[in-house]
Each structure stands twice: as structure tokens, then as C-alpha cells.
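Here the structure comes first, spelled out in C-alpha cells, and everything after it is commentary.
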Amino acid sequence: MHQYNDNVLQIHIDITIHYTRFAVFTLQYSIFMEDFNLSGKRALVIGGTSGIGFALSSLLAEAGAAVSLAGRHMPVADFAFSYLPCDFAHNGVAELGRPDFAAELESCELVAVCYGPFVQKPVHETTPEDWLAVSCLDYALPGIVVSAVLPQMMQRGEGSILLFGGTRSENVRVCRTNAAYHGAKTALSVLVKSVAAEYGRYNITCNAVLPGFTRYAPKGYELSPETVARGGLFLLSRREMNGILLPVDRGWAPA
């Protein structure tokens, strides 16, 4: 009988500990999200319908922002959003000239460009089409978006821009199998630093996340899209962070 009572008591203790830990986690998460209160803000996430972009969109919505997603396929989501169908792979930057897209660029207070094709080929195998696609979609597309949103952000007196570089693209380095892609992503670092320096006086921030591997990762360096997206949310919501190139890569370094 005593053994039975001892077992019941231990079960009660275990349950209490479990729920206490859950309550502490819930409280910590609530405090965490309060630090990123974006209520009333309009956010546009280009490439926001899958992967890192979709994870970022979810976090922005949870932080209170009204989110518009631009991408090829409408996602199934548990948060409210507006959807802009687009296909940059086939139509290029011409998508940005559509009236509905232009209206979003003129009204958003937060903008993130998560889209950008990855090309992994040695230089002697990189085709003219590859070079044009990478330069257009990995560099010109973010640049055109930034140029489009800056005037309305300057007039408003605030705005936040988030771009996505490549793994360790904050510095010029040797890339044996993806020089075209990495070159475009390294160029984004110049854009980020330039916009931050010139437009910070208008209370506009421009930062970039440099993500590690969410697929095909070297052992020990796997990342979830949600992990990378949390870095993006941090940069979009902190006014004091400007011109930051934030690696989120578990410390990976090229051999």
C-alpha cells in the first residue's frame, strides 16, 4: 500500500514538474514575442510561400503584422495573409511592374526578399543563362525592390528592409562550385551597407541574414527554416540594428 502511494505521489510530482516547465516555456516565449511587437505594420515577403520565407511570414503574422506573401504557389497557413501570385523564374523582374505588386511596394513598412535561385556549377560549366538568371534574380531583383520602397519609407520616416545573402557571403572568398551565385550574394552585402549608411537618417533599416544549410547540410550543421527566420524577425523589428550581415549557420566555414 505504501509502495502504491509512493508511486502515485511520484506521478503527481512528475506531472507538476512537466506543467511547470511548460508554463515557464510559454511565459518565456510570450516575453520573446512581445519584444517583436509589429502590430499595425504591413509586411511584404517576396518568396514568402515556402521554406525560410514562409517561416518568416508566420513569425511576422504572430508578431502582429499584416502579411502579404509573394510566390508561385498559395500556401496552406494557420495565419491570415494576402497572396500575390508571381513567377520570377519565368517572368523575371517584370513581375514587380504589375499594378498589384507596385501597390504593395508603395504601402509596406517591412519588406523581405527571400527569393533567389541557387546555381552550383564550376565556372567553366556556368552557362550564359545561369549568369543572367543569377545576376537578375539574386542581385537585381532585391536591388529593384529596395529602390522601389525607399521613397515611400523616406516620406513616412521609417521602414525596415531584410535581404538574404549566402552562406559566409559577408566577405570575398574563393568559391569553386558556385562563384556566380556567391558573387551575387556577396554584392548584396554592399547594397545592405550602402542603404544603411545613407538612409538610416530617415529611420530606415537595411539588414541581411546569411543563412546556413537548411537542406543537404554537412553533418552537424543542419538548420530549420524557422531557425533562420527568427534571425530575420530580429533584424526586422530592432530599430538599432542597421547594416548588419547576420550569419545564421552554426559556425560553418568553408574548407
Side-chain angles (χ1 to χ4, degrees), residues 36 38 41-96 98 100-101 104-105 108 110-120 130 133-134 136-146 149 160-167 169 178 181-182 184-185 188 207-218 221-237 246-250 252:
F36 305 110
L38 298 173
K41 302 292 186 182
R42 292 178 58 88
L44 171 62
V45 183
I46 296 173
T49 58
S50 62
I52 295 169
F54 182 71
L56 177 62
S57 299
S58 178
L59 288 175
L60 288 168
E62 190 171 354
V67 182
S68 295
L69 312 183
R72 191 181 301 179
H73 305 292
M74 179 182 289
V76 176
D78 58 1
F79 59 90
F81 64 90
S82 299
Y83 174 57
L84 285 172
C86 62
D87 189 349
F88 291 110
H90 288 92
N91 301 326
V93 297
E95 292 278 19
L96 299 175
R98 288 169 20 201
D100 56 345
F101 226 118
E104 288 288 343
L105 292 171
C108 64
L110 315 170
V111 63
V113 183
C114 308
Y115 176 79
F118 181 67
V119 174
Q120 185 158 13
D130 293 330
V134 166
C136 180
L137 299 178
D138 284 307
Y139 184 56
L141 170 63
I144 292 169
V145 169
V146 171
V149 299
S160 296
I161 300 166
L162 179 68
L163 305 179
F164 280 80
T167 307
S169 63
N178 62 346
Y181 171 81
H182 197 84
K185 291 298 189 179
L188 283 183
N207 299 294
V209 172
L210 313 182
F213 300 92
T214 58
R215 294 185 297 172
Y216 315 118
Y221 292 99
E222 302 87 354
L223 290 166
S224 69
E226 291 74 21
T227 298
V228 177
R230 283 194 288 271
L233 177 66
F234 173 73
L235 293 175
L236 279 171
S237 54
L246 178 66
V248 182
D249 58 14
R250 294 190 182 275
W252 179 86

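As the structure is a computational prediction, the values presented were derived from the model and not from experiment.
- Heavy atoms only, all atoms of each residue included: Gly212 and Asp249 are closest at CA-CB, 3.6 Å.
- Between Phe213 and Pro218, the shortest heavy-atom contact is CD1-CD, 3.5 Å.
- Contact of the Val228 side chain with the Phe164 side chain is registered, since non-hydrogen atoms from C-beta on lie closer than 4.5 Å.
- A donor-acceptor pair is defined here as one N or O able to donate and one able to accept, closer than 3.5 Å; such a pair exists between the side chain of Tyr83 and the backbone of Gly71.
- Interatomic distance, Glu104 CD to Leu69 CG, rounded to the nearest 0.5 Å: 10.0 Å.
- In this structure, Ser160 contributes its side chain and Leu236 its backbone to a donor-acceptor pair below 3.5 Å.
- Going from atom CG of Asp87 over to atom NE2 of His73 covers 8.0 Å, rounded to the nearest 0.5 Å.
- Of all non-hydrogen atoms in Cys114 and Leu56, the two that sit nearest each other are SG-CD2, 4.1 Å.
- Leu235 CG to Leu246 CG: the interatomic distance, rounded to the nearest 0.5 Å, is 5.0 Å.
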Run Phe88 and Cys136 through side chain to side chain contact (heavy atoms under 4.5 Å, CB included) and show every step you take.
CA-CA 10 Å; Phe88 291 110; Cys136 180; over 6 Å; no
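- Across Asp138 and Gly116, no two heavy atoms sit closer than the pair OD1-CA, 3.0 Å.
- With rounding to the nearest 0.5 angstrom, the NZ atom of Lys185 is 10.0 Å from the OG1 atom of Thr167.
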Run the numbers on Leu96 and Leu141 for side chain to side chain contact (heavy atoms under 4.5 Å, CB included), then give the verdict.
CA-CA 9 Å; Leu96 299 175; Leu141 170 63; 3.4 Å; yes
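- Looking at every heavy atom in both residues, Ala89 comes nearest to Arg72 through CB-NH2, 3.2 Å.
- Using a 4.5 Å heavy-atom cutoff, the side chains of Tyr139 and Leu188 are in contact.
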Applying side chain to side chain contact (heavy atoms under 4.5 Å, CB included) to Cys86 and Asn91, what does each step give before you reach the verdict?
CA-CA 8 Å; Cys86 62; Asn91 301 326; over 6 Å; no
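- The aromatic rings of Phe79 and Phe54 are tilted relative to each other, their planes meeting at an angle between 30° and 60°.
- Side chains of Tyr115 and Pro117 form a contact here, defined as non-hydrogen atoms less than 4.5 Å apart.
- Across every non-hydrogen atom of Pro142 and Val113, the tightest pair is CG-CG1, 4.1 Å.
- Side-chain atoms of Val149 and Leu44, non-hydrogen and from C-beta on, never get closer than 4.5 Å to each other.
- Taking CG from Asp78 and OG from Ser58, the interatomic distance works out to 6.0 Å, rounded to the nearest 0.5 Å.
- One distance of note links CD1 of Ile52 with OG1 of Thr227; it measures 10.0 Å at 0.5 Å rounding.
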Arg98/Leu84 under side chain to side chain contact (heavy atoms under 4.5 Å, CB included): CA gap, chis, key distance, verdict:
CA-CA 10 Å; Arg98 288 169 20 201; Leu84 285 172; 4.3 Å; yes
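- Between the Tyr221 side chain and the Trp252 main chain, no donor and acceptor come within less than 3.5 Å of each other.
- By the 4.5 Å heavy-atom criterion applied to side chains, Asn178 and Val119 are not counted as neighbours.
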